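Heads up: the structure comes next, in structure tokens.
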Amino acid sequence: GSDVVIIAVDAEDNTAAAAEIAAEVRDRAPDSVVIVVSNPLEVVCHAVYDVLEFPRERVIGMAGALHSAALRMILAGKLGVSPHDVDAVVLGGHADTMVPLLSCATVSGIAIRKRIDEEEIDEAVAQVREAAEPREAALAPTFAPTAALTEMVDSILLEHRRVLPCVALTKGEYGF
């Protein structure tokens with residue numbers, strides 16, 4: 001009967017483990033929204049979607065939301081402000097495939113580039129990329145995963161109607 005279910009597995013075969021959990025979710029929480037957190041994210045999300053047979057809007061993956069939260073936290077630290085005052089979005093997958101939208105990044109409505117120099121911004125992006133590098137010894141940001149999940153769950157449960165970067169199955173939108 002849950003409204004939101006988070007599937008986060010770290011197994012020998014994340015796809016199979018997540019699909020097994022999805023079968024239970026389908027039977028026990030048929031009206032839920034499912035957030036997938038396991039890598040390889042797009043593959044695991046699709047496997048979960050196939051098992052659930054839920055509308056595609058109710059199966060999403062935490063990708064850009066995680067990296068965006070990490071970037072906001074790092075920039076906030078450099079600026080000496082709360083991460084709530086920083087707006088920064090990262091699209092795409094891990095490491096080299098992520099795209100930080102720095103031209104849109106702001107702190108309390110002021111362009112980030114007016115508050116800190118380019119070198120510090122590049123350093124922040126490098127930290128996020130390094131933490132997101134898909135390798136066994138990766139240093140994951142300590143609070144970013146929790147911040148991203150909280151943001152996603154709050155948006156769903158509290159109907160905040162936030163626009164958050166995440167993995168979603170497309171069916172022709174944007175030419176995909």
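Start at 1 with the first residue, then count along the sequence. Note that the structure is predicted; figures quoted are calculated from it, not measured.
- One distance of note links NE2 of His67 with CZ of Arg72; it measures 12.5 Å at 0.5 Å rounding.
- When all heavy atoms are compared, the tightest approach of Ala8 to Val37 is CB-CB, 4.0 Å.
- Atom CG of Leu52 and atom CZ of Arg56 lie 15.0 Å apart (nearest 0.5 Å).
- When side chains are defined from C-beta on, Val25 counts as touching Ser32, because their heavy atoms get closer than 4.5 Å.
- In this structure, Asp85 contributes its side chain and Ser108 its backbone to no donor-acceptor pair below 3.5 Å.
- Heavy atoms of other residues, nucleotides or ligands lying less than 6.0 angstrom from CZ of Arg28 number 12 at most.
- Proximity of Leu164 to Ser155: side-chain heavy atoms (C-beta onward) are separated by under 4.5 Å at one or more points.
- Counting heavy atoms from C-beta on, the side chains of Val167 and Val36 never come closer than 4.5 Å.
- The CG atom of Leu158 lies 5.0 Å from the CG atom of Asp154; values are rounded to the nearest 0.5 Å.
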Legend entry - side-chain contact (heavy atoms from CB on, under 4.5 Å) between Ile156 and Ile35, intermediate numbers included: CA-CA 10 Å; Ile156 295 164; Ile35 301 172; 4.0 Å; yes
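- For the atom pair CG (Leu66) and CD (Glu151), the distance works out to 11.0 Å, reported to the nearest 0.5 Å.
- Residues Leu157 and Ile60 fall within the same hydrophobic cluster, defined by Ile, Leu, Val, Met, Phe, Trp and Tyr side chains chained together at heavy-atom separations under 4.5 Å.
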Legend entry - Worked check of side-chain contact (heavy atoms from CB on, under 4.5 Å) between Gln127 and Arg129: CA-CA 5 Å; Gln127 284 180 277; Arg129 283 189 198 281; over 6 Å; no
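- The shortest non-hydrogen separation linking Glu120 to Lys78 is O-CE, 3.3 Å.
- A 6.0 Å sphere centred on CD of Glu159 holds no more than 12 heavy atoms belonging to other residues, nucleotides or ligands.
- At least one side-chain heavy atom of Leu71 sits under 4.5 Å from a side-chain heavy atom of Leu102.
- In this structure, Ala144 and Ala69 approach most closely via the heavy-atom pair O-CB, 3.8 Å.
- For the pair Arg26 (side chain) and Val51 (backbone), a donor-acceptor distance under 3.5 Å is present.
- Side-chain atoms of Val5 and Ile21, non-hydrogen and from C-beta on, never get closer than 4.5 Å to each other.
- When all heavy atoms are compared, the tightest approach of Cys166 to Gly61 is CB-O, 3.1 Å.
- Here the side chain of Asn14 pairs a donor or acceptor atom with the backbone of Ala11 at under 3.5 angstrom.
- Atom OG of Ser103 sits about 6.5 Å away from atom CZ of Arg113, to the nearest 0.5 Å.
- Shown here for Ala63 and Gly92, the closest heavy-atom pair between the two residues is CB-O, 4.2 Å.
- In this structure the side chain of Val43 never reaches within 4.5 angstrom of the side chain of His46, judged on heavy atoms.
- Residue Leu41 is not grouped with residue Met152 when hydrophobic side chains (ILVMFWY) are merged at heavy-atom distances under 4.5 angstrom, including chains of intermediate members.
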Legend entry - Test side-chain contact (heavy atoms from CB on, under 4.5 Å) applied to Ile112 and Leu79, step by step: CA-CA 9 Å; Ile112 287 287; Leu79 291 160; 3.8 Å; yes
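- A chain of hydrophobic side-chain contacts below 4.5 Å, direct or via other Ile, Leu, Val, Met, Phe, Trp or Tyr residues, connects Val33 to Leu149.
- A pairwise comparison of heavy atoms in Tyr49 and Phe54 identifies CE1-O, 3.4 Å as the closest pair.
- Contact check for Ile7 versus Val34: side-chain heavy atoms found under the 4.5 Å cut-off.
- Under the 4.5 Å side-chain heavy-atom criterion for ILVMFWY residues, a single connected hydrophobic cluster contains both Val86 and Val125.
- The shortest side-chain heavy-atom distance between Ile116 and Leu75 falls under the 4.5 Å cut-off.
- Side chain of Ser2 to backbone of Ala29: no donor-acceptor contact under 3.5 angstrom is found.
- One finds the OG atom of Ser68 at 11.0 Å from the CE atom of Met62 (value rounded to the nearest 0.5 Å).
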Legend entry - side-chain contact (heavy atoms from CB on, under 4.5 Å) between Asp122 and Glu119, worked out: CA-CA 5 Å; Asp122 291 345; Glu119 188 175 300; 5.7 Å; no
